[in-house]
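Position 1 is the first residue of the sequence; numbering continues from there. Quantities reported herein were computed from a predicted structural model and do not represent experimental measurements.
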Amino acid sequence: MRTHHCGELRLKDEKSTVILCGWVQEVRDTGHLIWVDLRDRYGITQLILSKDMVAPALMAQARTLGREYVLRVSGSVVVRSAKNPHIPTGEIEVVPDTIDVLSSSETPPFVVADKMAGKETLHMQYRYLDLRRKPLQENLQLRHQVVQAIHRYFDRHGFIEVETPLLVKSTPEGARDFVVPSRLHPGEHYALPQSPQLFKQLLMVSGMDRYYQIAKCFRDEDLRADRQPEFTQIDCELSFVTPADIYPLFTDFIQHIFQTVKGVSLPPFPHMTYQEAMEKYGTDKPDLRWDMPFISLTDLVKGSGFVPFDNAALVIGIKLPNGATYTRKKLDQWQRWLKENYLATTPLIYVKALPEGYKSSVAKFYTDANTTQWAKKAMLASGDMLLLLGGEIEYVREAMAALVRHIIAGERIAPSQPYAPLWITDFPLLAFDEERQAYDAIHHPFAAPVYEDIPLLATDPAKVRAQAYDLVINGAEIGGGSIRIHQRKLQNQVFQLLGLDENTIKRQFGFLLNAFRYGVPPHGGIAFGLARLCALLNNDEAIRHYIAFPKNNSGRDTMLGAPAPL
C-alpha cells in the first residue's frame, strides 16, 4: 500500500513518485495553498496543494480532511521553498496526485501532539490515541531496544529462556495475590504469580543452571508512580553461585543495557551494606548523585542545656555546600515542612560558616568552641551550612533523609553526575512483627542467611543477615535478589520463625520441600523491573509511560472499564 513511510524522504528523493500512508496531523489552508501534515510512527511528511499544482477537485477534497483521518497519498517529491530544520523530512514535501481516505475520524477528544494536551485521565481513557503521540511511541521503542539487548546478553552468557505458569498456587511472597476461581474445581482458586520465584528455584533443582525470563507478575498492592498491579520483570536464576559471582555479572549486564541502548558508560558500582546505608543516608536506596551523608554529632551536642538535643537518642547533621546564603525565611520554611511531616523531631538547627566565623541558631546554648567542633567534624568550608536534627534513631534518620530530598527538589540542586549506581548488601533476614508475635521475611522466605549468622536463628533471629542484595541507581531500586536456601532443614527452620505451623508449611510449600529431598545445588538470582529500568534510562519517574496499556493510580483500566462486574 505504500512505498515509503512518513519519516523517510530526503532531498535525494526529489522528483520520485511515492505512495505514503498515515494520519492527518494538521491541515492549514490559506485559500491559494493547502498544507497537510501526514504522520505515521516514523515521522511527518508535509503535503502541499495549490491551484497551480493539482486539480480543483483535489483541492476541494483536501479541504474536507480532518485531524486523524487515515490517508493513502500518491504524488511527487519536491524541494520545499521554506525548509523546516526541526524535522528530518523538512527539506522536501509531496505534491499529491491522488488522496484516498482509508478511514475518516471524528474530532478527537484531544490534539495528538508531542506535548500532552488535556488531562491525563482523558489520555488514559483514550490510550490508543495517546499512543499515537511521538514521546510514547519512542518510549515503547526504547523498551523494545532494552528487551532485544536483554536477549542478546543472556544468550551470550549461557542463559536459557524458560516460560513459567501464570495460574499458580497462592503462597506468601510479601504482597496480596490476585486470585482466579476454578470452574472445574468449585471453591478452589489459582493465584496469579507475584514472581516466578518458586518455579525458577525448581528449575535450578532440575539442573537448568542458568535461567532467565521476561516475566509478567501480579501484585495486589497500593499504587504509586513506580508501581502497577501487573508488571514485567527481568527474572534470572543461576546455580553454583555466591554473591561474589552475582555482582560482576549483573553489573556488566546493566552496563551493557545502558551502553547498548543509550550509549552511556556507567561509573563503577560501589558496594554498601544495609546498615551503612541506613546510618549514613537513612534509606536503603541512597541517591549518591548528591552525596550528603549524615554526620553523627550526638556526643558533641549533649550536656549544654539544649533540652531537645539532650533528650535525643541521635543527633545527625548534613552539610549543604554553599548553604550559608540560604535566608532565615527559607530555613523557617524547611522547619514548617518538618513539623507538618515529622512531628517528633527536634527543631532544625543550623550553623553557617561565614568569613567572620560561625553563626549558629543555638548560640546561647553552645560556645564558639562547641560549634567549631561541629564544623570541623562536618568539614565545613567558608560559605557552607550545617543542618542538625535529633530524635529517636530510626525516626530522625527517616526525617533527615526526607528533608535532604525536599531541599534538593525545592532548591533544584544540580546532581554531581547523571547516574550513581551501587549495590546494597547484607540486608536483615527477618523483622519481628509485634502484632503477630512472629517474624516477617524482609525480602521473601527463601533468602539464605549469611552462613556465619545461621546459629543466631536459634538465639537472636533479628540479628541474622541475609545473602540479599539490591541494585540501586539514582535512589531507585532497579533490581533485587538473593542467594536462596537450598537445605530442606534450614528452609523449614525459617518457615517456623515466620509463624508457620507444620500443616501450613506442608500445605503451602510441601512441593518445594519435597523437591529439596533430591539434591539441590546452591543457587541464587535477581530480578529487575523492566518498565522501571526503561524509565531510568530516560530520566523519567513514571513507569506507566513505558507500558502500552497501564492501569491508573486506582488500579483501573479506564479505557476498557476494568475491573467490572462479570
Mutual orientation of the aromatic rings belonging to [X] and [Y] [parallel < 30°, tilted 30-60°, perpendicular > 60°]:
X	Y	value
F269	W423	tilted
H444	F446	tilted
F159	F250	perpendicular
W337	H406	parallel

Tell me if the CG atom of L566 is crowded by more than 12 foreign heavy atoms within 6.0 Å.
no
Would one find more than 12 heavy atoms of other residues, nucleotides or ligands at under 6.0 Å from atom OH of Y190?
no
Sequence neighbours left out, cut at 3.5 Å: what donor-acceptor pairs do the side chains of residues 411-419 make with other protein atoms?
unit_1 : atom_1 : unit_2 : atom_2 : d
E411   : OE2    : K330   : NZ     : 3.0
S416   : OG     : R289   : O      : 2.8
Y419   : OH     : L537   : O      : 3.4

Looking at every non-hydrogen atom in both residues, tell me the closest pair between [X] and [Y] and how far apart they are.
X	Y	answer
A527	D235	CB-OD1, 3.6 Å
Q137	R41	OE1-CA, 3.4 Å
V24	R39	O-NH1, 4.4 Å
Q467	P243	OE1-CD, 3.5 Å
G481	H443	O-CD2, 4.3 Å
I19	R72	CD1-NH2, 3.5 Å

I'd like to know if [X] pairs up with [Y] as an ion pair, taking the criterion as any Lys NZ or Arg NE/NH1/NH2 lying under 4.0 Å from an Asp or Glu carboxylate oxygen.
X	Y	result
E8	R2	no
R10	E91	no
E93	K83	no

Decide yes or no on salt bridge (charged side-chain N to carboxylate O under 4.0 Å, His left out) for D29 and R63, but give the supporting numbers first.
CA-CA 8 Å; D29 186 355; R63 291 192 169 98; 2.7 Å; yes
Heavy atoms, side chains only, cut-off 4.5 Å: are [X] and [Y] in contact?
X	Y	result
D252	Q255	yes
T64	V101	no
R143	N139	no
I543	F231	no
F427	S482	no
Q197	R484	yes
R67	V111	yes

After noting the C-alpha distance and the side-chain angles of D155 and R152, does the key distance pass the salt bridge (charged side-chain N to carboxylate O under 4.0 Å, His left out) rule?
CA-CA 5 Å; D155 184 60; R152 288 193 295 270; over 6 Å; no
Applying salt bridge (charged side-chain N to carboxylate O under 4.0 Å, His left out) to E138 and R133, what does each step give before you reach the verdict?
CA-CA 9 Å; E138 288 179 342; R133 298 193 301 117; over 6 Å; no
For V404 and W290, run side-chain contact (heavy atoms from CB on, under 4.5 Å): C-alpha distance rounded to whole Å, both residues' side-chain angles, the deciding distance at 0.1 Å, then the answer.
CA-CA 9 Å; V404 169; W290 296 273; 5.8 Å; no
So, S265 versus Q259: side-chain donor-acceptor pair below 3.5 Å or not?
yes
